[in-house]
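The next block holds one structure in the form of structure tokens; read it before the comments.
All ligand and atom numbering here is 1-based and tracks the order in the structure. In this chain, numbering begins with 1 at the start of the sequence shown.
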Amino acid sequence: MNSLNFPIFNASGVWCSSERELVDLVKSQSDEVVFKTMTVKPRLGNPEPRLFIGRDFSVNSMGLPNLGVDKYCQIAEKILKYKKPMTASIAGFSENEFISLTKKVDKAPFTSIELNFSCPNLESKGIFAYDISLSLRLLAKLRKLTKKKLGVKLPPYVQRGDIKTMAEGLLKHNINFVTLINSFPLGCVIDHKKEIMVIKPNDGIGGLGGSIIKPIALSQVVLFRKYLGGKREIIGVGGINSAEDIYEFILAGTRGVGIGTALLKKGPKIFKKLKLDLHRLLIKKKIRNISDKLGKLKFL
Ligand code: RRO
């Protein structure tokens, strides 16, 4: 943990797929290392072009390219010497795969496990977390398989009722944290000069990230905080570019933040700048302890 007592790290998927990137990340000022979502077998992912970075956003349809769980467990062993918390993000294509992944990462030196129930880019597979009862049943099973910190990464919901149902379900299980949010599932960019989509897979439509999704991410944090009653940790992800953005997520109630699109654009040096800027902002606001402001958003 940093001197701010507020962890700032990468969002899964960004700068964390290859061994080289993971080493960069562990050597950077990122407070934790979240691995690319891993599957049972290695995957090449979707055909390229599959990522487009615009000014205020990114759109991706990567399709879960990753080295596979066994390789990531080996990499975790290698970078353990840096003594940084490491999170394994996992995604199975069936209940049995989720079980096998959980058992494998439980034995490796990861500090936490994040269940990715929200990948937007698997053609023909829906987003798992939109089936709330199925997701909660699987969570309950996986919880029994590990004593590690266990969390779930969710997509944005568009109805309060869904957030309430999911939050109440999470409270029944001993889930430690909730990561909000994954990319907004359906976004696209059209190049009007060439009259064509900018990415190839899935009709050119993929997950949207970057500052344009910050208002969506904040609303999810506010409502989950409300329905979880502050009883579970929330990690905020979605359009965080600056210390001011982080401060908004603190007010909304997150105990840490993940950086996605901004890390993609600026690289791991961004962590040093964000921390310095947040430190300065707190001094300017005369705030000694971030926890004094956590969830202290005012309502009109
Ligand atoms: O690999 C991806 O296409 C991907 C994943 Br697993 C995810 O969780 N979120 C995202 O935007 N892309």
- Run through T87, T179, T37 and flag the one making a side chain to side chain donor-acceptor pair (under 3.5 Å) with E114. T179
- Logged contact type for N46 with ligand 1, heavy-atom cut-off 4.0 Å, is neither
- Query: Got a salt bridge between K284 and E244, using NZ or NE/NH1/NH2 to carboxylate O under 4.0 Å?
  - Reply: no
- Message: Give me the residue, atom name and distance of the protein heavy atom closest to atom 11 (O) of ligand 1.
- Response: S183 OG, 2.4 Å
- Show which atoms of ligand 1 fall inside a sub-4.0 Å distance from at least one heavy-atom site of M62. 1 (O), 2 (C), 3 (O)
- Would you check the N or O atoms of S118, main chain and side chain alike, for any that come under 3.5 Å of an N or O of ligand 1? no
- State, without any angle test, whether E97 and T39 hold a side-chain donor-acceptor pair at a distance under 3.5 Å. no
- Message: Out of all atoms in ligand 1, which are within 4.0 Å of some heavy atom of L64? Include the element for each.
- Response: 1 (O), 2 (C), 3 (O), 6 (Br)
- Message: Could you work out, for atom 3 (O) of ligand 1, the closest of S17, C119, S89, G63 by heavy-atom distance?
- Response: G63
- Query: Nearest protein heavy atom to atom 9 (N) of ligand 1, by residue and atom, and its distance?
  - Reply: N182 OD1, 2.8 Å
- Message: Taking a cutoff of less than 4.0 Å between a non-hydrogen atom of the residue and any ligand atom, is K36 in contact with ligand 1?
- Response: yes
- Between K147 and D106, is there a side-chain N and carboxylate O pair less than 4.0 Å apart? no
- Query: Should you measure from each heavy atom of N60, which atoms of ligand 1 turn up under 4.0 Å away?
  - Reply: 2 (C), 3 (O), 4 (C), 10 (C), 11 (O), 12 (N)
- Just heavy atoms, cut-off under 4.0 Å: does P120 contact ligand 1 by side chain, backbone, both, or neither? side chain
- Message: For ligand 1 and T37, I'd like to know whether there is a polar contact (N/O to N/O, distance under 3.5 Å).
- Response: no
- Would you kindly say whether S291 and N289 are connected by a side-chain donor-acceptor distance under 3.5 Å? yes
- Message: Below 4.0 Å, non-hydrogen atoms only: which portion of M38 touches ligand 1? Side chain, backbone, both or neither.
- Response: neither
- Any donor-acceptor N or O pair under 3.5 Å, side chains D245, S242: yes
- Item | For N116, atoms of ligand 1 separated by under 4.0 Å from a heavy atom | 6 (Br), 7 (C), 8 (O)
- Task: Describe, in one word, how the ring planes of F35 and Y72 are oriented to each other, choosing from parallel (under 30°), tilted (30 to 60°) and perpendicular (over 60°).
- Result: perpendicular
- Answer yes if the side chains of N202 and N121 hold a donor-acceptor pair under 3.5 Å, and no otherwise. no
- Task: Check the side chains of N116 and S118 for a donor-acceptor pair under 3.5 angstrom, ignoring hydrogens and angles.
- Result: yes
